[in-house]
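Presented below is the structure to which this report refers.
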Amino acid sequence: MISIHSKLPTVGTTIFTVMSKLAEEHNAINLSQGFPDYDCDPKLVDFVADAMKKGFNQYAPMPGLQSLRELIAEKANTLYDADYNPDTEVTVTAGGTQAIFTALSSCITAGDEVIIFEPTYDSYAPAIKLLGGLVKPYEMVPPDYEIDWEMVKKLFTVNTKMIILNSPHNPTGSILTEKDIKALIKLTKNTDILILSDEVYEHIIFDGIKHHSLALYPELRDRSFIAASFGKLLHTTGWKLGYCLAPANLMKEFRKVHQFNVFSVNTPMQVGVANYLKDPETYNGLPEFFQEKRDFFRSLLGETKFKLLPCHGSYFQCVSYAHLNDEKDTDMAQKLVRENGVASIPVSAFYIRKTDHKVLRFCFAKKHETLEKAVEGLMKL
C-alpha cells in the first residue's frame, strides 16, 4: 500500500454527512443540513433553461459574466452605499464555500494566524490548516453568543493575518451589531489585518434588524473579502453559485487563485440568475419569507421540552436541552434520530475542542408540513 502523509489527519466525515446518512437509515425528517425541501421560483428555472436553449453552454469569462457582475455590484452599492467596480472587484464563484477557500488561499501562508469565532462553519479551520496557517479560536457561549472584543484583542500577535466573521451566523442565528462593528474598526485600525466576512445569509435577518455588512463601512471594506451565496438567496443550494466582493488589490490576488481552481462557473445559471435578479423584490422579500418560517417553527418548538435560544438571522434555530439531561450533544442528536425521527446537528461539532453546551441546531428552511411533522416527533421527548 502506498503511504501518504495526510494534510488533515484529524479530519473525518463531516457531521452534516453523518447526520444526513443517519436520517436516511432511520427514515427520519432531516432538519440537519441547511437546504430547503421546497422548489425555487419556476421563473428562475425557466430563465436557466432558456439560457441553455439559446446556446449559453460554453465557458463563462473567468471572473463571471459581465451582466451578472454588474448586477451584483449594483445590488451591493445600492444596499450598502459601497462603490464596487464590477470589472475589478466582483468575482462569481462556485458557491460561498469556494469564495471562502479562494480568499484564504490568496493570502494565508505558513505561520499566519487567523482568528475565528466558534461555534463556526466547519470549512474555515481545515482550509486554514491546509494553507499552513494557525487557527486562533474565540469561543462564544450560549444563549446570546456575544463577542467580548477585549478578549479577542488578547488573541492578536505580530503574526495575526486575518479575522473571519460570519453574520448572520451559522449555526447560532446571532448577528453582528453596531457595537461589534465599532469595536472591530477600532481593533483593526492602523494594522494590515485582513477580514473575511461570510455573509451568505445577508438577506435572512429578522425583526426589522439591519444587516451590518462590512461593505457599509469604508474602514472595513478596504481590508475585506465578502463572500455571498446565490444558493441561500434563491433556494438553490445545489447550484453552487456565489460571489466574492473585495477591493481591487485584494481581488487581483483572489482571481490568481480562482483561475487555477475552478477557472469559471456554469454559464447558463449565471445567465438565468442575472435575468432573475433584475427584480430587487427577489431578495428584498426574503426577510419576511423566512421570518414567517422562523416564527412558525418557534411557536411549534415552544410546546416541546427544549429551551429556545435567540434567532436573529440565518435559517437555523438552536435549542438547549441542558435542563433535561447531561447527555453529550452528539449522543442526544443520534437519539433524536433513532427514537423521535428527527435529525439535527450537535453544535459541539462547530468547535475545534468539541465544546459541548448541550445545544442542537435545526434548519427551518422547510415546508410547514415538514416542520409540523418534525415537532410531532420532538414532542415525544
Flag the pair [X] and [Y] as a salt bridge only when some basic side-chain nitrogen lies within less than 4.0 angstrom of an acidic carboxylate oxygen.
X	Y	answer
E139	R353	yes
K21	E25	yes
E327	K335	yes
D356	K358	yes
D112	K136	no

Using the six-membered ring wherever Trp is involved, compare the ring planes of [X] and [Y] and label them parallel, tilted or perpendicular (cut-offs 30° and 60°).
X	Y	answer
F296	H368	parallel
F289	Y38	perpendicular
F364	F297	tilted
Y283	H203	tilted
H258	F254	parallel
F316	Y201	perpendicular

So, [X] and [Y]: side-chain donor and acceptor under 3.5 Å apart, yes or no?
X	Y	result
Y276	D41	yes
Q317	R298	yes
E118	T120	no
T14	T17	yes

Quiz item: For the residue pair D87 and R255, what are the closest heavy atoms and their distance?
Solution: O-NH1, 2.9 Å

Exercise. Taking all heavy atoms of F35 and all of K366, pick out the closest pair and write down the distance.
Key: O-NZ, 2.6 Å

Practice problem: Evaluate ring-ring contact (aromatic ring centres under 6.0 Å, His included) for F306 paired with Y321, printing each intermediate quantity in order. | Solution: CA-CA 5 Å; F306 291 116; Y321 65 89; 7.1 Å; no

Exercise. Show the numbers, then the answer: is there a side chain to side chain donor-acceptor pair (under 3.5 Å) between Y80 and E202?
Key: CA-CA 11 Å; Y80 307 127; E202 63 177 320; 2.5 Å; yes

Has [X] got more than 12 heavy atoms of other residues, nucleotides or ligands less than 6.0 Å from its [atom1]?
X	atom1	value
E372	CD	yes
D81	CG	no
Q33	CD	yes

So do the side chains of [X] and [Y] get within less than 4.5 Å of each other, counting heavy atoms only?
X	Y	value
L104	F225	no
T267	Q58	no
D207	Q291	yes

Quiz prompt | hydrophobic_cluster_shared for L79 and F230, side chain cutoff 4.5 Å | solution = yes

Exercise. Examine Y121 and V135 and state if one hydrophobic cluster contains both, with Ile, Leu, Val, Met, Phe, Trp and Tyr joined whenever side-chain heavy atoms are less than 4.5 Å apart.
Key: yes

Quiz item: Is it true that Y145 and H312 have ring centroids separated by less than 6.0 Å?
Solution: no

Exercise. Take E150 and K153 through the test salt bridge (Lys or Arg N to Asp or Glu O under 4.0 Å) and record every step on the way to the result.
Key: CA-CA 5 Å; E150 286 302 314; K153 187 176 181 179; 5.1 Å; no

Quiz prompt | Partner residues of K154 under the salt bridge (charged side-chain N to carboxylate O under 4.0 Å, His left out) criterion, sequence neighbours left out | solution = none

Quiz item: What is the distance from atom CZ of F101 to atom CG of L130, rounded to the nearest 0.5 Å?
Solution: 5.5 Å

Quiz item: With M19, which of V337, T330, L31 fulfils side-chain contact (heavy atoms from CB on, under 4.5 Å)?
Solution: V337

